[in-house]
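One structure below.
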Amino acid sequence: MGAMMSANDVIARYGAAMAAGDMAALRSVLSNDAVWHQPGSNQLSGDHVGPEAIVAHLGRFMELSGGTFILTTQSVADAGALVSTTVRFTASRADHPDLDQHGVDVFRVAGDQIAEVWLVSEDQAAEDQFWGTGQP
């Protein structure tokens, strides 16, 4: 057993898995009872619990955007078990203005896994409109 990973190391592992689209690596960095809090009032909003549900949730971003969803991490700061990242995210959908926003993602790390994630977007109303309700 090596030294325990820092919270920043855990988030770096998450970022690398996301960038590579490596779902197995992504699952391994999420605790069994991890909670992903997706803000807003759109078809992706709500709490997603557990690695399988979270990976499926993230897959829906790609599905709905025809594979165009891109998240870039711009900076990382930590306060013990809490890590915040500033991000830029873009996506395209037919019949919608393109999504291009900045946001802050906050992670709570427990041990060497992510236990909880909160997301804050600069324009939630525009993001809700982009993803839509899923209703015709």
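Note: hydrogens, waters and symmetry copies are ignored here, and every other heavy atom, side chains too, is used. Along the sequence shown, residues carry numbers from 1.
Counting only heavy atoms from C-beta outward, the side chains of Ile114 and Ile11 approach each other to under 4.5 Å. Looking at Asn8 and Val83, their side chains come closer than 4.5 Å, going by heavy atoms from C-beta outward. When side chains are defined from C-beta on, Glu122 does not count as touching Val104, because their heavy atoms never get closer than 4.5 Å. Looking only at side-chain heavy atoms (C-beta outward), Phe89 and Leu99 come within less than 4.5 Å of each other. Trp131 is not listed as a side-chain neighbour of His96, based on a closest heavy-atom distance of 4.5 Å or more. Annotation: side chain of Val87 is not in contact with side chain of Gln101 (no heavy-atom distance under 4.5 Å). The shortest side-chain heavy-atom distance between Val35 and Glu116 falls under the 4.5 Å cut-off. Taking 4.5 Å as the limit, every side-chain heavy atom of Gln43 sits out of range of all side-chain heavy atoms of Thr133.
Shortest non-hydrogen contact noted between Gln113 and Leu30 is NE2-O, 3.3 Å. Considering every non-hydrogen atom in both Gly80 and Ala7, the closest pair reads O-CB, 3.4 Å. Heavy-atom minimum distance, Ala17 versus Ala25: CB-CB, 3.8 Å. Of all the heavy atoms in Ala115 and Ala110, the pair that sits closest is CB-CB, 4.1 Å.
Taking CZ of Phe69 as the start and CG of Leu58 as the end, the distance is 8.0 Å to the nearest 0.5 Å. Atom CG of Asp123 sits about 11.5 Å away from atom CG of Asp100, to the nearest 0.5 Å. Atoms CD1 and CZ, on Ile70 and Arg88 in that order, are 9.0 Å from each other to the nearest 0.5 Å. The NE2 atom of His57 sits 10.0 Å away from the CG atom of Asp47 when rounded to the nearest 0.5 Å. From Arg13, atom CZ reaches atom OG of Ser28 across 5.0 Å, with rounding to the nearest 0.5 Å. Distance CD/Glu127 to OG/Ser41: 10.5 Å, rounded to 0.5 Å.
No donor-acceptor pair under 3.5 Å is formed between the side chain of Asp128 and the backbone N or O of Ala125. Looking at Ser121, its side chain never comes within 3.5 Å of a backbone N or O of Gln124 through a donor-acceptor pair. Within the 3.5 Å criterion, the main-chain N or O of Leu64 finds a donor-acceptor partner in the side chain of Arg93.
Cluster annotation: Met23 is connected to Met62 through the hydrophobic network of ILVMFWY side chains, with a link wherever side-chain heavy atoms come within less than 4.5 Å.
Residues satisfying the side chain to side chain contact (heavy atoms under 4.5 Å, CB included) criterion with Ala12, sequence neighbours excluded, are absent altogether.
For Gln129, the CD atom sits in a loose shell: 12 or fewer heavy atoms of surrounding residues, nucleotides or ligands are nearer than 6.0 Å.
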Would Trp118 and Phe107 count as a ring-ring contact (aromatic ring centres under 6.0 Å, His included) if you check the C-alpha gap in whole Å, the side-chain angles of each, and the deciding distance to 0.1 Å? CA-CA 7 Å; Trp118 296 266; Phe107 302 85; 9.2 Å; no
Take Leu44 and Arg60 through the test side chain to side chain contact (heavy atoms under 4.5 Å, CB included) and record every step on the way to the result. CA-CA 8 Å; Leu44 298 173; Arg60 293 203 64 213; 3.7 Å; yes
After noting the C-alpha distance and the side-chain angles of His48 and Gln38, does the key distance pass the side-chain hydrogen bond (donor to acceptor under 3.5 Å, both in side chains) rule? CA-CA 8 Å; His48 304 271; Gln38 188 71 39; 5.7 Å; no
Test side-chain hydrogen bond (donor to acceptor under 3.5 Å, both in side chains) on Ser75 and Thr86; report intermediate values, then the result. CA-CA 5 Å; Ser75 70; Thr86 57; 2.6 Å; yes
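Classified by interplanar angle (parallel below 30°, tilted 30° to 60°, perpendicular above 60°), the ring pair Trp36/Tyr14 is tilted.
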